[in-house]
Participant: 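Dropping a structure here in structure tokens format, bear with me for questions.
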2 protein chains.
Amino acid sequence: MTIEAGLKSIDGVVPSRADIRNRLLTKMPISDFALLAPHLEMVTLKERQVVEVPGRPITHVYFVETGVVSVVAVNAEDHRIEVGVIGKEGMTGVPLVFGDDRAQHSAYMQIGGSGRRLPAAAFTDALRQSATLRALMMKSAQAFMIQTAHTALANGRAKLEERLARWLLMAHDRLDSDAVPLTHEFLAVMLGVRRAGVTVALHSFERRGFIAARRGQLTLISRAGIEQVAGSFYGIPEAELKRLMTDTP
Amino acid sequence: MTIEAGLKSIDGVVPSRADIRNRLLTKMPISDFALLAPHLEMVTLKERQVVEVPGRPITHVYFVETGVVSVVAVNAEDHRIEVGVIGKEGMTGVPLVFGDDRAQHSAYMQIGGSGRRLPAAAFTDALRQSATLRALMMKSAQAFMIQTAHTALANGRAKLEERLARWLLMAHDRLDSDAVPLTHEFLAVMLGVRRAGVTVALHSFERRGFIAARRGQLTLISRAGIEQVAGSFYGIPEAELKRLMTDTP
DNA sequence: CAAAACCCGTACGTTTCCGTACTGAAAAAA
DNA sequence: TTTTTTCAGTACGGAAACGTACGGGTTTTG
């Protein structure tokens with residue numbers, strides 16, 4: 001590990017800050033970035049790539065730059081549902097921020113992309129050393145918590161169309177294009193509904209001119225339309241993320 | 001404030017540790033307890049008493065001793081659903097642990113009781129001073145987060161009966177008796193379902209001999225029966241709470 | 001003690017979504 | 001290219017839960 005760290009410290013391997021696109025890495029004080037940088041590793045994140053397994057130790061923290069991670073809660077009878085998504089605004093490995101070393105949920109790339117990762121140990125070391133880093137990571141964790149709470153709200157109160165619209169907006173926020181490369185099947189798994197139900201809902205969106213669909217991909221045409229469908233089930237976590245990442249020290 | 005703190009420091013007002021029933025207060029190192037004790041105030045928590053209002057600054061942290069707090073997420077269109085409950089195992093004011101001063105959700109006493117509270121400022125002061133206190137509070141926060149995630153799972157995948165059973169078990173865990181003093185109406189609000197739906201489900205439980213019901217109150221007769229109804233939707237947050245509060249420093 | 005408010009039992013038509021399954025078309029593998 | 005696999009479209013009966021509402025009993029209020 002010290003050897004690796006040494007290697008990564010060679011010029012050109014330690015990432016320059018200008019290349020970074022993850023919002024947490026760009027937002028943190030330079031001193032904190034310097035703490036992490038020697039251990040950061042650029043990684044390609046292929047779709048379906050698993051980053052966390054429930055109950056198992058977290059090996060790496062992933063700072064997503066492109067693509068979307070799905071965090072999925074699973075229970076003993078294998079019921080599962082997505083409790084949050086992570087993109088360039090966030091990171092995986094939230095339990096590490098709380099001093100835990102195990103993953104609670106299943107986490108995997110729902111939409112492929114890339115990011116920077118560092119070993120869990122290096123991350124917790126850095127946390128121990130920097131109060132400002134801790135503060136930022138806790139804000140990020142809180143933002144994720146808010147997202148989870150509103151997922152619970154949507155799951156309990158919103159209709160399929162509203163939930164689907166909400167998901168599309170959250171994905172869109174985290175992508176650089178209007179194209180969402182996903183099958184109905186995977187959308188259905190995340191929302192915990194039938195695949196056929198997603199198909200029908202997407203047709204409705206398409207008929208209304210909100211999206212265009214082709215096999216394995218759908219494209220947002222009218223974000224405003226989708227927002228109208230999602231109604232108040234979308235927005236609060238996003239506004240809170242902004243607030244948490246903007247104000248104060 | 002300094003005057004109040006002074007008054008509370010008079011012998012007999014600073015709570016003796018033996019009287020404390022909140023699990024966090026009893027579990028923390030004596031040094032941390034000493035940090036909080038001068039500011040702790042014994043309070044009666046009447047049912048429906050509001051402890052947090054979404055968007056508003058958190059005034060006090062409540063360490064619940066008896067009774068149950070409902071934490072309810074609300075959106076712009078006033079859709080609402082419970083995202084977690086807090087009893088003697090926990091505390092309110094989680095955002096303070098993360099360095100935020102505002103309440104995300106609505107929080108109020110669902111079942112009346114009592115607890116200890118201290119002003120938010122005193123709490124954050126103590127947090128700043130003690131790393132062990134921070135560690136404990138973060139574990140508590142994480143436990144709550146896990147609960148919220150599994151609420152999202154239950155909301156999306158479980159049937160009304162399963163969700164109701166889950167709720168009763170969570171309430172039972174936090175009460176000292178088998179009696180749950182609640183109307184169908186309030187159970188319905190928390191689960192985000194019809195009052196009539198709760199009535200029918202409770203009848204089913206009663207017919208099977210799992211509970212006894214009277215106006216405004218129901219009594220658990222067969223916890224095992226209720227557990228069987230809840231299935232795997234109950235248990236993980238409880239096991240994780242135990243794990244988080246048991247192991248390590 | 002009467003009036004009002006609250007709580008629960010029950011009902012009915014309706015909406016939403018499920019489980020299941022078959023099909024053809026498109027893409028990937030052989 | 002041919003075969004296999006994956007994906008989307010569609011359908012149907014049924015379960016679950018909804019919105020609404022009425023009535024009767026209990027508790028609280030005036």
Participant: Take the protein atom CZ of A:R48 and the nucleotide atom P of D:dT6, then report the distance between them rounded to whole Å.
Facilitator: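 So the two atoms are 13 Å apart, to the nearest Å.
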Participant: Determine whether the side chains of A:S114 and A:T66 contain a donor N or O and an acceptor N or O closer than 3.5 Å.
Facilitator: yes
Participant: In whole angstrom, what separates A:E185's CD from C:dA21's C1'?
Facilitator: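 Answer to the nearest Å: 14 Å.
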Participant: How many whole angstroms separate atom CZ of B:F186 from atom C1' of C:dC8?
Facilitator: 15 Å
Participant: Would you check, one step at a time, whether the test side-chain contact (heavy atoms from CB on, under 4.5 Å) holds for A:E65 with A:I20?
Facilitator: CA-CA 8 Å; A:E65 303 215 289; A:I20 302 283; 3.6 Å; yes
Participant: Can you figure out which of C:dC7, D:dT20, D:dA16 approaches the side chain of B:A196 most closely?
Facilitator: D:dT20
Participant: Taking only the side-chain heavy atoms of B:H184 (C-beta and beyond), determine which of C:dA21, C:dC17, C:dC8 contains the nearest atom.
Facilitator: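 Shortest atom-to-atom distance from the side chain points to C:dC8.
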Participant: Provide, to the nearest angstrom, the distance between the CD atom belonging to A:Q217 and the P atom belonging to C:dA27.
Facilitator: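 To the nearest whole Å, that distance equals 11 Å.
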Participant: Report the distance from atom CZ of A:R157 to atom C1' of D:dC18, rounded to the nearest whole Å.
Facilitator: 11 Å
Participant: Looking just at side-chain N and O atoms, do A:R195 and A:T183 make a donor-acceptor pair shorter than 3.5 Å?
Facilitator: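 No donor-acceptor contact under 3.5 Å links the two side chains.
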Participant: Hey, does the side chain of A:R194 come within less than 4.0 Å of C:dC18's phosphate (OP1/OP2), counting only N and O?
Facilitator: yes
Participant: Could you tell me whether A:G216 contacts a base, only the sugar-phosphate backbone, or nothing, with contacts defined as non-hydrogen atoms closer than 4.0 Å?
Facilitator: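 Answer is sugar-phosphate: A:G216 comes under 4.0 Å of backbone atoms only.
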Participant: Check for me whether the distance between the ring centres of B:F98 and A:F98 falls short of 6.0 Å.
Facilitator: yes
Participant: Between A:R215 and C:dA26, is there a side-chain N or O to OP1/OP2 distance below 4.0 Å?
Facilitator: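 A:R215 to C:dA26 OP1/OP2: no side-chain N or O under 4.0 Å.
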Participant: Quick check for you: among D:dT10, D:dA17, C:dC17, whose closest atom lies nearest to any side-chain atom of A:L160?
Facilitator: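 Minimum distance to the A:L160 side chain belongs to C:dC17.
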Participant: Please give, in whole Å, the distance from C:dT16 P to A:L164 CG?
Facilitator: 15 Å
Participant: Do the side chain of A:R195 and the base of C:dG19 come within less than 3.5 angstrom through a donor-acceptor pair of N or O atoms?
Facilitator: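 Between C:dG19 and A:R195, which were checked side chain against base, a qualifying N/O pair under 3.5 Å is absent.
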Participant: Assess, by modelled atom type and distance only, whether the side chains of B:N155 and B:R163 contain a donor and an acceptor separated by less than 3.5 Å.
Facilitator: yes
Participant: Would you kindly give the CD-to-P distance between A:E161 and C:dC18, to the nearest whole Å?
Facilitator: 13 Å
Participant: With a 4.0 Å cut-off on heavy atoms, is B:A213 in touch with a base, just the backbone sugar-phosphate, or nothing at all?
Facilitator: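 No contact at all - B:A213 keeps every heavy atom at 4.0 Å or more from the nucleic acid.
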Participant: Using only side-chain N and O atoms of B:H203, determine if any of them is under 4.0 Å from OP1 or OP2 of C:dT10.
Facilitator: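 Checking B:H203 against C:dT10: at least one side-chain N or O falls below 4.0 Å of OP1 or OP2.
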